[in-house]
There are 2 protein chains.
Amino acid sequence: MAAVPPISDSPLKTLAQRILPSGPSVELDAIDTKLLVELSRDARIPQSKLADILGMSSPAVADRIARLKQRGVIRGFSVDIDWERLGNSTVAYLSIVAAIGHDQSVVISHLLEIRGVEEISVVTGSNDMVVKIRAHGFDDLRQILANEVWNIAGVQQTVTSIALVHAEPENVTERMLRAISKHDV
Amino acid sequence: MAAVPPISDSPLKTLAQRILPSGPSVELDAIDTKLLVELSRDARIPQSKLADILGMSSPAVADRIARLKQRGVIRGFSVDIDWERLGNSTVAYLSIVAAIGHDQSVVISHLLEIRGVEEISVVTGSNDMVVKIRAHGFDDLRQILANEVWNIAGVQQTVTSIALVHAEPENVTERMLRAISKHDV
DNA sequence: CATGAAACTAAGTACTA
DNA sequence: TAGTACTTAGTTTCATG
């Protein structure tokens, strides 16, 4: 194992927690699945409405949600923002080749701190990492690259693919849940 | 413009709505930003708590949220699921080269219908598209590629990068909002 | 700010290992 | 019998005109 550069301010410990296998795989029953589908459509739906839909009492729903949280299935509830509307419409994918002798997890730690970075993957193939960045126009993207990404020791080469069009299926979560579920929902 | 293959069952119209520029850019004031930050942390927080945090009345908060929805900033509220926990832990990025003479939007339409597809980008550079797919193990990924992606007319070549490690910053939405905001939050 | 709706708490019941 | 998943009822808290 090669020498590892110092980490300075980067939270390597939390990184390890973030990228290591996260425990036992969880099975959902039909009610859990339907519950998650409804929450994916509107996370601010009242428990009482969920109770009606699922045919059970409101405290039972609260229990289910708490249990799904506790089992780590539900990470939280969030707002879905249209970044285009806020001018944050430049999406880019960076293909990164890492320098030999640098710990990749350190590189990841640094990347995770960069504004605009949405996802980082260590991948198979001719590149080492794929990073998705969202920025406020080309100028902003250029700044992020020049001032942040290219300053990370261990990043040897980057190829930037700028998204001209960016699309997502309408209900990713719901579709994924249905695909996973062995029951009808 | 070359001849366009028939679309059959794909909803091109809704695609156009999905990928075309979405209207005027919206400016957020300090309160909007703080509101969105709170909602991004926990979308199921009661209005009254938001009212306390923001130092305003509960109906005022309801108004703000309604206006943000109406202006298209808030697309909705959703549940954040840990797919790893559900066994859906295989992430892959496809680099696609499209065949000449095929309308890219048709290819996108078909890709959007495929189970596991989370994002599609038409990009600059030597590839035409980048597609992010999440699957239930390698076998499932192979099936999606073989039965779905490679059956799309217009997909000439794909290179698949499988994610060995996949990480995301902890609070992408919050950080992005702070970056956008001209005010302190 | 008042009124109806919804969430939380506690106590109790049915099914199961 | 202990444990799990639920219900009902009473109280507090919340949303909305």
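Naming convention: chains lettered A, B, ... in sequence-line order (proteins, then strands); numbering from 1 in each chain.
The stretch residues 45-54 of chain B participates, sequence neighbours left out, in these side-chain hydrogen bond (donor to acceptor under 3.5 Å, both in side chains) pairs: B:Gln47-B:Ser58.
Placement of A:Val117 and A:Val91 in two distinct hydrophobic clusters is found when ILVMFWY residues are connected by side-chain heavy-atom separations under 4.5 Å, directly or transitively. Residues B:Val97 and B:Val130 do not share a hydrophobic cluster, defined by chaining ILVMFWY side chains whose heavy atoms lie under 4.5 Å apart.
Between the C1' atom of D:dC6 and the CG atom of A:Asp32 lies a distance of 14 Å, rounded to the nearest Å. Following rounding to the nearest Å, A:Arg64 (CZ) and C:dC8 (P) show an atom-to-atom distance of 18 Å. At whole-Å resolution of the value, CG in A:Asp63 and P in D:dT7 are 10 Å apart.
Each of C:dT9, D:dC6, D:dT16 was ranked by its minimum atom distance to the side chain of A:Pro59; first place goes to C:dT9.
Using a cutoff of 4.0 Å between basic side-chain nitrogens and carboxylate oxygens, B:Glu174 and B:Arg41 are scored as salt-bridged. Using a cut-off of 4.0 Å between Lys/Arg side-chain N and Asp/Glu carboxylate O, B:Arg71 and B:Glu27 are scored as not salt-bridged.
Heavy-atom distances to DNA chain D give each of A:Asp29 and B:Ala62 a nearest nucleotide, and the one nearer the 5′ end belongs to A:Asp29.
Within residues 37-52 of chain B, the residues approaching DNA chain D are B:Pro46, B:Gln47, B:Ser48, B:Lys49, by heavy-atom distance under 4.0 Å.
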Trace of the side chain to side chain contact (heavy atoms under 4.5 Å, CB included) decision for A:Ile96 with A:Val107: CA-CA 10 Å; A:Ile96 294 182; A:Val107 176; 5.5 Å; no
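A close approach under 4.0 Å does occur between a side-chain nitrogen or oxygen of A:Arg67 and OP1 or OP2 of D:dA5.
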